[in-house]
Amino acid sequence: MLVLGIESTCDETSCAIVKDGFEILAHVTKSQINLHREFGGVVPELACRDHITTITPVIQETLSQAGLSLDDIDLIAVARGPGLIGALLIGITYAKGLAWAKDIPLIGVNHIEAHLYAAMMSLTPDQLQFPALGAILSGGHTSLVLINQIGQYKLLAETVDDAIGEAFDKVAKILDLPYPGGPEIEKLAQHGNPHSIAFRTGKVKEQPLNFSFSGLKTNVLYTVRGKDLKRSTPLSLIEKQNIAASFQYTAFSDVIGKLKLALSQYPYIKEIFLGGGVVQNQKLRSMLKEAITLPIHWPKPELCLDNAAMIAGLGYHKFFENPKNMLFDLEAQTRISF
Ligand code: KG4
Ligand code: ZN
């Protein structure tokens, strides 16, 4: 089955053609990072305008990369949320138009669930082992999920305030680094001492698996600007490197501690799947490898950030489970819980 996927939830316009859920035949992603950089974050109105002009060439380029036409496509899968409402509507409306005009069934896919599926695409179907533990570490979400099968999940933990990627972006802003902050913090941290400052993440009362990163971000702010927020002396490079390294180490130690706690509560878990932009971080990967002996799978680099291959891949499984054409029912959902 050839599935054409479309992703436009935030600041990437992406299209992919995936065969039988795993084999990526073509994949084109256009990032809007340069458009939003000067504003220090995603500007929804600009994101929408860019999706409108970009979506047609991105889809055309994907089809030509694969040497296929829309007549060859068996299913269209589109990200139905969570995301920016205007941005979602552009992808969904476009997908509905194609599906209607070409009489191809349409399915809507939860973009967060797709981030978890992205790591499964590095394996073959017979290599997948369940139950597994999933961790989504992205700009908008920080969740731990028990995966019984593709499509069967139990949400174990969430963040009660900032997402981990959001904390990276906010700390980068405090340190005067450009958007997106995650890769900038990672670079700076390489030369810093992770144990130079004792930062702390928040603890959530009676919910030891849940995350809280907003206090950690405030810790960094006080370290940089003083408790009264009046300090304006610029930081030296080494001070910035130490802050970045200590922040990153604290955030990742918290994630790893919670993964270990979840593994002790569910000892029958066979492997771990990670997804979302933050899992690109090499320090996180090395810390995880040292701390956890179970097999850990992360997506290929081009599948870590928002992308249509994971949407098309997961769309295949969802349609197989429930082959219903959603053409007339599909709506954008800015929030979707697991
Ligand atoms: O998955 P994604 O596109 O976000 C959502 O769908 O919400 O990931 C974007 C997030 C941003 O917050 C970015 O700063 C973070 O992933 N990020 C990183 C790294 N690369 C991207 N965080 C830490 N280290 C990185 N190398
Ligand atoms: Zn995402």
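The structure presented is a predicted model; accordingly, all values stated were derived computationally and were not measured. Counting convention: from 1, in listed order, for ligands and their atoms alike. Only this structure's heavy atoms are used, side chains among them; waters, hydrogens and symmetry mates stay out.
- In terms of N/O distances under 3.5 Å, ligand 1 is approached by Glu186.
- Atoms of ligand 1 lying under 4.0 Å from any heavy atom of Ser138, numbered from 1 in the order shown and given with element: 1 (O), 4 (O), 5 (C), 7 (O).
- Ile85 and Ile311 fall into different hydrophobic clusters, where Ile, Leu, Val, Met, Phe, Trp and Tyr side chains are chained together by heavy-atom contacts under 4.5 Å.
- More than 12 heavy atoms of other shown residues, nucleotides or ligands fall within 6.0 angstrom of atom NZ in Lys96.
- For the pair Asn307 and Glu7, the minimum side-chain heavy-atom distance is 4.5 Å or more.
- Checked against the 6.0 Å centroid threshold, Phe252 and Phe168 count as a close aromatic pair.
- Hydrophobic cluster membership differs between Ile136 and Trp298, with clusters built from Ile, Leu, Val, Met, Phe, Trp and Tyr side chains linked at under 4.5 angstrom.
- Distance from atom 7 (O) of ligand 1 to its nearest protein heavy atom, with residue and atom name: Gly140 N, 2.8 Å.
- Taking every heavy atom of Gly277 and a limit of under 4.0 angstrom, the matching atoms of ligand 1 come to 1 (O), 2 (P), 8 (O), 16 (O), 17 (N), 18 (C), 19 (C), 20 (N), 21 (C).
- Polar contact check, Phe252 against ligand 1: no nitrogen or oxygen pair lies under 3.5 Å apart.
- Around CD of Glu331, the count of heavy atoms belonging to other residues, nucleotides or ligands within 6.0 Å does not exceed 12.
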Before giving the answer on ring pair (Phe, Tyr, Trp, His ring centres under 6.0 Å), spell out for Phe211 and His141 the whole-Å C-alpha distance, their side-chain angles and the decisive distance to 0.1 Å.
CA-CA 10 Å; Phe211 297 93; His141 293 82; over 10 Å; no

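- Although no hydrogens or angles enter the test, the distance criterion places a donor-acceptor pair under 3.5 Å between the side chain of Thr142 and the main chain of Ile164.
- Among protein heavy atoms, the minimum distance from atom 4 (O) of ligand 1 is reached at Gly139 N, 3.1 Å.
- No option in Tyr117, Tyr316, Phe320 other than Tyr117 meets the side-chain contact (heavy atoms from CB on, under 4.5 Å) test with Ile150.
- Residues Ser122 and His297 are not in side-chain contact: their nearest non-hydrogen atoms beyond the backbone lie 4.5 Å or more apart.
- Hydrophobic clustering (ILVMFWY, side-chain heavy atoms < 4.5 Å, transitive): Leu133 and Ile256 are in one cluster.
- Between Phe168 and ligand 1, not a single N/O pair is under 3.5 Å apart.
- Tyr179 and His36 have their aromatic ring centers separated by at least 6.0 angstrom.
- Within the structure, ligand 1 has Pro183 among the residues with a heavy atom less than 4.0 angstrom away.
- Counting only heavy atoms of the protein, atom 13 (C) of ligand 1 lies nearest to Asp169 OD1, 3.8 Å.
- Shown in contact with Gly165 at under 4.0 Å from a heavy atom are these atoms of ligand 1, numbered in order with element: 12 (O).
- Taking Arg49 as the reference, Glu45 meet the salt bridge (Lys or Arg N to Asp or Glu O under 4.0 Å) condition, with sequence neighbours excluded.
- Distance from atom 23 (C) of ligand 1 to its nearest protein heavy atom, with residue and atom name: Gly182 CA, 3.5 Å.
- Each of the atoms 6 (O) of ligand 1 lies under 4.0 Å from some heavy atom of His111.
- Atom 15 (C) of ligand 1 has Val278 CG2, 3.9 Å as its closest protein atom, hydrogens excluded (heavy atom only).
- Distances shorter than 2.8 Å separate the Zn ion (ligand 2) from the protein N/O/S atoms His111 NE2, His115 NE2, Asp306 OD1.
- Contact annotation: His115 has at least one heavy atom less than 4.0 Å from an atom of ligand 1.
- Ring-plane geometry between Phe130 and Phe273 is classed as tilted, the angle between the planes lying from 30 to 60 degrees on a 0 to 90 degree scale.
- For atom 6 (O) of ligand 1, the nearest non-hydrogen atom of the protein is Asp306 OD1, 3.0 Å.
- Taking atom 24 (N) of ligand 1 as the reference point, the nearest protein heavy-atom neighbour is Asn281 ND2, 3.0 Å.
- Heavy-atom proximity to Gly276, at under 4.0 Å, picks out these atoms of ligand 1: 1 (O).
- Those atoms of ligand 1 with a heavy atom of Gln280 less than 4.0 angstrom away are 20 (N), 21 (C).
- Within a 6.0 Å radius of CG in Asp103, other residues, nucleotides and ligands contribute 12 heavy atoms or fewer.
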